[in-house]
Amino acid sequence: MPSIANVVVTGHSRGLGAAIASAFLENGSQVLGLSRRHNPELAARFGHQLRQVEIDLSHPAALAAWLDEGSLARFLTGETAAILINNAGLLQPVGQAGEQGARAIAEAVAVNVAAPLMLSDAFVDATRYSDDRRILHISSGAGRTAYAGWSLYCASKAALDHHARAVAADALPALRIASLAPGVIDTAMQAEIRATPLERFPLRERFDELKTGGGLSTPADVARQLLDYVLSPGFGAQAVTDLRTLAPAAVAE
Ligand SMILES: NC(=O)c1ccc[n+]([C@@H]2O[C@H](COP(=O)([O-])OP(=O)(O)OC[C@H]3O[C@@H](n4cnc5c(N)ncnc54)[C@H](OP(=O)(O)O)[C@@H]3O)[C@@H](O)[C@H]2O)c1
């Protein structure tokens, strides 16, 4: 893939998404960021290289209306290389089945599953003449291992993993897709995990220890590794993968 592509990143306002957007902008790409809030720091650094859309991805009807209006297609059409990174995600509702609540479940499924699938479909349609198009879902180890208290989060990340496998099976021209667990990263989501009462998330102490023991990655380090992986020839060779166990060859080859 050319090192410069048009890149769509969800959840670019903070955390890992902000670092991913920053890494691609530093690399010279045009970036379209979708979040409920703008990222003023990136806007100040990169000006018109960054376009931002304030959108609440927990409302599928609003996302469908925005897609119908054609901004995504206009950003992507005609570009030889295009990338979609489905990064925005919610951890809540945390707690056992029976104490999550219908509204919170619907909101999380909309952000974690419906939005990435809707954006992927629109991205594939808009890039049908592209020479090289790549979709990355930001998944989690929780999509592959079951954790008490995280059934919603685990199920939504497993959905992204299986979506990537099935879209890869579609074998569409010039399209590669992967669902990637990025490791444990020092963001607001980790602070949210550490603030969860033990009775709602029994494994919380493991995450407390990772923080106190310096075991968290920085968003910037993860974003740099992720950029190298997304731009590498090996991207998509495995539909479901983990940044921590990617062989260097998968990135560099
Ligand atoms: N941090 C970790 O250790 C870790 C580990 C494994 C996987 N992940 C995954 O990595 C991704 C990023 O996580 P993070 O740690 O950076 O989380 P974060 O700090 O909580 O940031 C979440 C991002 O998602 C956006 N977002 C949330 N709800 C939204 C909505 N309704 N509409 C539009 N955007 C929304 C937020 O923007 P606004 O609030 O401006 O809308 C924000 O930019 C997530 O998919 C997460 O599951 C994180």
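Sequential numbering from 1 along the given sequence is applied to the chain's residues. What you are looking at is a predicted structure, and each value in this text was computed from that prediction instead of being measured. Remember, it's 1-based here, ligands and their atoms both numbered in the order they're listed.
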Check your understanding: So do V7 and I20 actually touch side chain to side chain, heavy atoms under 4.5 Å?
Key -> no

**Study point:** Close side-chain approach of L226 and I138, heavy atoms under 4.5 Å
**Key:** yes

With a cut-off of 4.0 Å, which atoms of ligand 1 are near a heavy atom of [X]?
| X | answer |
| --- | --- |
| G15 | 16 (O), 19 (O) |
| L57 | 30 (C), 31 (N), 32 (N), 33 (C) |
| Q190 | 2 (C), 3 (O) |
| I138 | 9 (C), 10 (O), 11 (C), 45 (O) |
| G89 | 24 (O), 44 (C), 45 (O) |
| A188 | 19 (O) |
| G183 | 3 (O), 4 (C), 5 (C), 6 (C) |
| P182 | 6 (C), 7 (C) |

Check your understanding: Are F75 and W66 close enough that their ring centers fall under 6.0 Å?
Key -> no

Check your understanding: Is the F201 to F207 ring centre distance short of 6.0 Å?
Key -> yes

Exercise for review: May I ask whether S139 has any heavy atom positioned less than 4.0 angstrom from an atom of ligand 1?
Suggested key: yes

Check your understanding: Is the shortest distance from a heavy atom of I55 to ligand 1 less than 4.0 Å?
Key -> yes

For ligand 1 and [X], I'd like to know whether there is a polar contact (N/O to N/O, distance under 3.5 Å).
| X | answer |
| --- | --- |
| D56 | yes |
| V184 | no |
| G17 | no |
| V111 | no |

Salt bridge or not for [X] and [Y], using N-O below 4.0 Å?
| X | Y | value |
| --- | --- | --- |
| R74 | E69 | yes |
| R45 | E41 | yes |
| D208 | R206 | no |
| R224 | D221 | yes |

With heavy atoms under 4.0 Å as the rule, classify the contact between [X] and ligand 1 as side chain, backbone, both or neither.
| X | answer |
| --- | --- |
| R37 | both |
| L90 | side chain |
| E107 | neither |
| A18 | neither |

Check your understanding: Quick one: CD1 on I105 to CD on Q92, what's the gap to the nearest 0.5 Å?
Key -> 12.0 Å

Practice item. Mind checking the OG-CG spacing from S22 to L42? Nearest 0.5 Å is all I need. Key: 5.5 Å

Practice item. Decide whether L243 and I185 are clustered together by the hydrophobic rule: side chain heavy atoms of Ile, Leu, Val, Met, Phe, Trp, Tyr closer than 4.5 Å, transitively. Key: yes

